[in-house]
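Below: one structure, written as structure tokens.
Proteins come first, then strands; the chains are lettered A, B, ... in the order of their sequence lines, and each starts at number 1. Heavy-atom basis, side chains included; hydrogens, waters and symmetry copies ignored. Keep in mind that this is a model prediction, so the values were computed, not measured.
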Protein chains: 2
Amino acid sequence: MSARAEPSSEPTPEPRLGLRERRRNTTRRSLEDAALRLFARDGFDATTVEAIAAEADVSPRTFFRYFAAKDEVLNPDRRARQALLREAVAAAPAGLDDLATAFVALAAVADDLAADREMLLLQRQAVVTSALLRGRTYDVLLSWQHTLTAALADRRGVPHDDLAALSVAAAATGVWQAAIGRWLDAEDTDLGDLLTKACSSLGGRPDGT
Amino acid sequence: MSARAEPSSEPTPEPRLGLRERRRNTTRRSLEDAALRLFARDGFDATTVEAIAAEADVSPRTFFRYFAAKDEVLNPDRRARQALLREAVAAAPAGLDDLATAFVALAAVADDLAADREMLLLQRQAVVTSALLRGRTYDVLLSWQHTLTAALADRRGVPHDDLAALSVAAAATGVWQAAIGRWLDAEDTDLGDLLTKACSSLGGRPDGT
């Protein structure tokens, strides 16, 4: 579950990456982009791996070197972002309660997400077309909730099944997802602002004071 | 979206129901029970409408008089329960803020859910077997969120797209779902207690004081 468990898929490779790794990242990103375009245009269920590979100018065999299945193309940066969330929770100031910690950490991830608005819009368009894909979205949402629960529990040195950590994580990821939806609805909104307002609606102060 | 839009599927029919309506309710409930048993045993994807109908001793044609598709058998009491949620929000004491109102209203639905523990366990077992069914679960979760958002907004006389109402609804339904999961995990827990504790974890007081 470490951020290094899969190659970074950021568009700008870090300088220490070799040629082979950079090429891997480029191919990976091409496949992700091609898949999202086709899912959004033709629907997830009607899009084949063959079509995705053709759109990205590679063979279907190459596709399967990067992804085990069609639905794995979505949320490509999830592992890296969940690692970022864990780090942000661990780095939160000592005085913050769970809810403020969760929002501070999610705001850090939001900064990272903001660059991917176009991709997230395509993703949302694809998700509408397929119940299977909504099932996958649900799994991803739960994985965020589990990641945040465990990070909050670790921060307080309590077991991962801590009810308070679970409750805060479930609330915060629910709010986070709603804020992302609202942010995608209107071009002139700021995801960080939306999160701050949402946090205040729960009676929390995002700075934890 | 009214509670009367579909026949009540409570096991004890109200006295004013005629023989025909009671028979309809019995058939409906038999189909729901049969479907849940088979989904949990054989998996959702492998269970056919024919098998469900046979298990309930009716024809497939009868199945389709009650449900448009296989996945509609799940969450049969949703509409009635969402109506209950709306009523509970509207009836909440005037001094409560959105978060306290949401928890008071969800606690009312929790009382109603508690009788259905066995059915919910079967449902959860079925959902594990199918991404399609998890997609359906996600849709249902969102429909709860929308219902609660609209009810909270109506209570304060603001538009349904109110960000504060959405944030609280997303947080509360997230917590609610996590609490239900925890409640299903262990037989000796009380769903109402779990909700109260979860609400306190968010810094809220369930009585709104």
Side-chain angles (χ1 to χ4, degrees), chain A residues 44-45 69 71 97-100 102-103 127-128 130-142 144-146 148-149 152 161-183 185-186 189 193-205, chain B residues 44-45 69 71 97-100 102-103 127-128 130-142 144-146 148-149 152 161-183 185-186 189 193-205:
Chain A
F44 174 79
D45 298 340
D71 59 358
D97 65 15
D98 274 6
L99 190 64
F103 274 95
V127 164
V128 171
S130 165
L132 197 66
L133 209 46
R134 287 197 296 284
R136 172 78 180 159
T137 304
Y138 185 57
D139 294 343
V140 167
L141 184 65
L142 287 181
W144 278 99
Q145 186 183 301
H146 294 154
L148 184 53
T149 304
L152 291 171
D161 66 354
D162 183 72
L163 180 64
L166 171 67
S167 305
V168 168
T173 49
V175 168
W176 190 56
Q177 210 210 13
I180 290 173
R182 192 57 68 92
W183 171 63
D185 285 341
T189 54
D193 283 354
L194 282 168
L195 271 174
T196 303
K197 281 182 197 154
C199 180
S200 314
S201 306
L202 298 185
R205 277 151 298 194
Chain B
F44 173 79
D45 297 339
D71 59 358
D97 65 15
D98 275 5
L99 190 64
F103 273 96
V127 164
V128 171
S130 165
L132 197 66
L133 209 46
R134 288 198 295 284
R136 174 78 181 158
T137 304
Y138 184 58
D139 294 343
V140 167
L141 183 66
L142 287 181
W144 278 99
Q145 187 183 301
H146 293 154
L148 185 53
T149 303
L152 290 171
D161 67 353
D162 183 72
L163 181 64
L166 171 67
S167 304
V168 168
T173 49
V175 167
W176 190 56
Q177 209 209 14
I180 290 173
R182 193 57 67 90
W183 170 63
D185 286 340
T189 54
D193 283 354
L194 282 167
L195 271 175
T196 304
K197 281 183 196 153
C199 180
S200 314
S201 307
L202 297 186
R205 276 151 298 195

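- Atom CG of residue A:Leu141 and atom CG of residue B:Leu141 lie 7.5 Å apart, to the nearest 0.5 angstrom.
- Of all non-hydrogen atoms in A:Ala170 and B:Gly174, the two that sit nearest each other are CB-O, 3.4 Å.
- Looking only at heavy-atom pairs under 4.5 Å with chain B, the residue among A:Asp98, A:Asp139, A:Thr173 that has the most is A:Asp139.
- Heavy-atom minimum distance, A:Leu163 versus B:Lys197: CD2-CB, 3.8 Å.
- Here the closest heavy-atom approach between residue A:Ser167 and residue B:Val175 is recorded as O-CG2, 3.3 Å.
- Among all heavy-atom pairs drawn from B:Val168 and A:Ser201, the shortest one is CG2-O, 3.6 Å.
- When all heavy atoms are compared, the tightest approach of B:Leu166 to A:Arg182 is CD2-NH2, 3.2 Å.
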